[in-house]
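Structure, as structure tokens:
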Amino acid sequence: MRCYVFPGQGVQKKGMGRSLFGRFPDLRRRADHLLGYPIEELCLENPERRLSETAYAQPAIYVVNALHWSAAQEDLPPADFFAGHSLGEYSALFAAGAFDFETGLTLVQRRAELMSQVSGGAMAAVVGISEQVVEQTLKQHGATGVVIANYNAPEQIVLSGSHEELARIKPVLEKVEGVRGFVPVRVSGPFHSPAMAPAAARFRDLLAAVDLGDLRTPVISNVTGRPFGPDAREVRDLLAEQIAKPVRWTDCVRYLRDAGVSDFTELSESKVLTSLIDRITTARETTPDPRRDLIERIKREILQPEIGDEALGFDEDASFRQLGLNSIIYVRLARRVGTVLGVPVKPDVIFQHRSCAALADYLLTRDDITRAAAPATPPAPLREYQDERVTALLRDCANGTLSVDRTIEAIRALA
């Protein structure tokens, strides 16, 4: 299955859309008429560096995304899904038939105006550590003025907040083991944070008067990480909420992968989303699942010796009672848990939890199961390099976060 994805703010640059404006002059004329200024000049010449301003950048990106979608309709096969990152969600909804080009551009222009009115904040990407580590660090250091705005990839988290709080937390995060960068994002405010709530409320009032059509193709919502439903009111609510809520891009991509999408095409001159999708996919393929591993061990090493090969095909959620176990067998199973996993368990625990999945969940909540859930493997020896970034990359390779090829590519980029 195929998904076309559209980027959002941050990809704007002088010269964008150069090869497409001449190809679709009618779309350019319609944009000029609505905006009241020449969109091609803005994108190709960037007069007075206006592309750095939210009020100009968002309409420009929407128009260029629409140009790419026009080209895709002529050059590429149909898509099974659409998705867009933040502002890019409007391009995805336009492509899916939620509204026409002018309606989408009007919404984007007004959205940009409202968002640009919120000042006193900024955004920055933290690269190299998980959302859990970021959240823990913010909490430990009382960074209440900073929130996670974008879950871009398992190890790329974007923060949003005041300039002062971001400046304060920057050296703290840069010292956290594994961090490979603290990178400012090219936006003019604390987007996707509670500070944007007034803009979201005003935008909700505007959306109430907009007619939305049925989606011809499913579109994934940034807020939920799931497809928009058929209820137009729900679509309006999610578009308003998106301004002040985090972009759950990782959840969006994982949903699409689970739905069977294997071909992602970014309709843009940028490949920022392509890179994020690759990282999300790679991380998911290499990250072990302790629960799944433990369920398989329970079947193979604890149940099978007592009941035979039937254990291997036994439904993980099915009750042990279906196997006709008596009290003696429960005693034996409890002993085997203690022997195999090194965790003392009474027979009534096996009886009460009744299934492989429930037993695994119980064991994983115990402090002493960490060692038993998966046999420890000695870490690969690492040479400590003077450049800490190289050492961090090698550690990521050793623990499976990065593939060997990606590690080599990253080290070459550093050089």
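As the structure is a computational prediction, the values presented were derived from the model and not from experiment.
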Subject >> Side chain proximity check, F81 to R2, heavy atoms < 4.5 angstrom >> reply: no
Original post:
Would a distance-only check, ignoring hydrogens and angles, find a side-chain to backbone donor-acceptor pair under 3.5 Å from T281 to D278?
Top reply: no
Subject >> Approximate separation, where rounding is to 0.5 Å, of E40 CD and E45 CD >> reply: 9.0 Å
Original post:
Would you say the side-chain atoms of D80 pair up with the backbone N or O of M1, donor to acceptor, closer than 3.5 Å?
Top reply: no
Subject >> Validation row: V127, F182 side chains within 4.5 angstrom (heavy atoms) >> reply: no
Original post:
Is the cationic atom of R23 (NZ for Lys, CZ for Arg) positioned less than 6.0 Å from the six-membered ring centroid of F21 and within 45 degrees of its normal?
Top reply: no
Subject >> Sidechain N-carboxylate O distance under 4.0 Å for E113, R110 >> reply: yes
Subject >> Distance in Å, K14 NZ paired with R49 CZ, rounded so as to fall on 0.5 Å steps >> reply: 9.5 Å
Subject >> CE-NE2 distance between M16 and H68, expressed to the nearest 0.5 angstrom >> reply: 9.0 Å
Original post:
Quick one: do D237 and R233 make a salt bridge, cutoff under 4.0 Å?
Top reply: no
Original post:
Is any side-chain N of the basic residue among E174 and K170 closer than 4.0 Å to the acidic one's carboxylate O?
Top reply: yes
**OP:** Over 60° means perpendicular and under 30° means parallel, so classify the ring planes of Y56 and Y37, tilted if in between.
**Re:** tilted
Subject >> Pairwise side-chain contact, L159 with V147, heavy-atom cut-off 4.5 Å (strictly under) >> reply: no
**OP:** Not counting sequence neighbours, which residues clear salt bridge (Lys or Arg N to Asp or Glu O under 4.0 Å) with R202? List them please.
**Re:** none
**OP:** Working to the nearest 0.5 Å, report the span between CD of Q156 and OG of S275.
**Re:** 7.5 Å
Original post:
Hey, mind stepping through R168 and E165 against salt bridge (Lys or Arg N to Asp or Glu O under 4.0 Å) and telling me if it holds?
Top reply: CA-CA 5 Å; R168 184 177 73 84; E165 278 289 82; 2.8 Å; yes
Original post:
Okay, side chain of T106, backbone of E102: is any donor-acceptor separation there less than 3.5 Å?
Top reply: yes
**OP:** To the nearest 0.5 angstrom, please state how far the CE atom of M123 sits from the OG atom of S188.
**Re:** 10.5 Å
Original post:
When you look at K271 and E266, which way does the salt bridge (Lys or Arg N to Asp or Glu O under 4.0 Å) test go after all the steps?
Top reply: CA-CA 7 Å; K271 294 304 173 191; E266 183 171 357; 5.2 Å; no
Original post:
Are side-chain heavy atoms of P198 and V118 found at a separation under 4.5 Å?
Top reply: no
Original post:
Which pair of non-hydrogen atoms, one from L303 and one from C356, has the smallest distance, and what is that distance?
Top reply: CD1-SG, 3.5 Å
Original post:
Do L294 and D361 touch side chain to side chain, with heavy atoms closer than 4.5 Å?
Top reply: no
Subject >> Other residues, nucleotides, ligands: >12 heavy atoms within 6.0 Å of Q140 CD >> reply: yes
Subject >> Sidechain-backbone polar pair: H192 side chain, Q242 backbone, donor-acceptor under 3.5 Å >> reply: yes
Subject >> Pairing of R300 and E296 as salt bridge, 4.0 angstrom limit >> reply: no
Original post:
Are the side chain of H353 and the backbone of V349 linked by a donor-acceptor contact shorter than 3.5 Å?
Top reply: yes
Original post:
Is there side-chain contact between Q58 and Y90, with heavy atoms separated by less than 4.5 Å?
Top reply: no
**OP:** Determine yes or no for a side-chain-to-main-chain donor-acceptor pair under 3.5 angstrom, with N152 supplying the side chain and I157 the backbone.
**Re:** no
**OP:** Please tell me if the side chains of C43 and V64 come closer than 4.5 Å, counting only heavy atoms from C-beta onward.
**Re:** yes
**OP:** Check whether the ring centres of F101 and Y62 lie less than 6.0 Å apart, and answer yes or no.
**Re:** yes
Subject >> Whether F6 and W69 hold their rings parallel, tilted or perpendicular, with breakpoints at 30° and 60° >> reply: perpendicular
Subject >> N/O donor-acceptor pair under 3.5 Å between R236 side chain and E234 backbone >> reply: no
Original post:
Looking at L215 and A98, what are the two nearest heavy atoms and their distance?
Top reply: CD2-CB, 3.5 Å
Subject >> Salt bridge present between R30 and D26 (N-O < 4.0 angstrom) >> reply: yes
Original post:
Do any N or O atoms from the side chain of E269 and from the backbone of G17 form a donor-acceptor pair under 3.5 angstrom?
Top reply: yes
Subject >> Any donor-acceptor N/O pair, N65 side chain to S91 backbone, under 3.5 Å >> reply: no
Original post:
Do the non-hydrogen side-chain atoms of L76 and L267 ever get within less than 4.5 Å of each other?
Top reply: yes
Original post:
In terms of side-chain geometry, is the basic nitrogen of E155 or R180 positioned less than 4.0 Å from the acidic oxygen of its partner?
Top reply: yes
Original post:
Distance from L87 atom CG to L107 atom CG, nearest 0.5 Å?
Top reply: 11.5 Å
Original post:
Counting only N and O atoms by type, is there a donor-acceptor contact under 3.5 Å from the side chain of N222 to the main-chain atoms of G84?
Top reply: yes
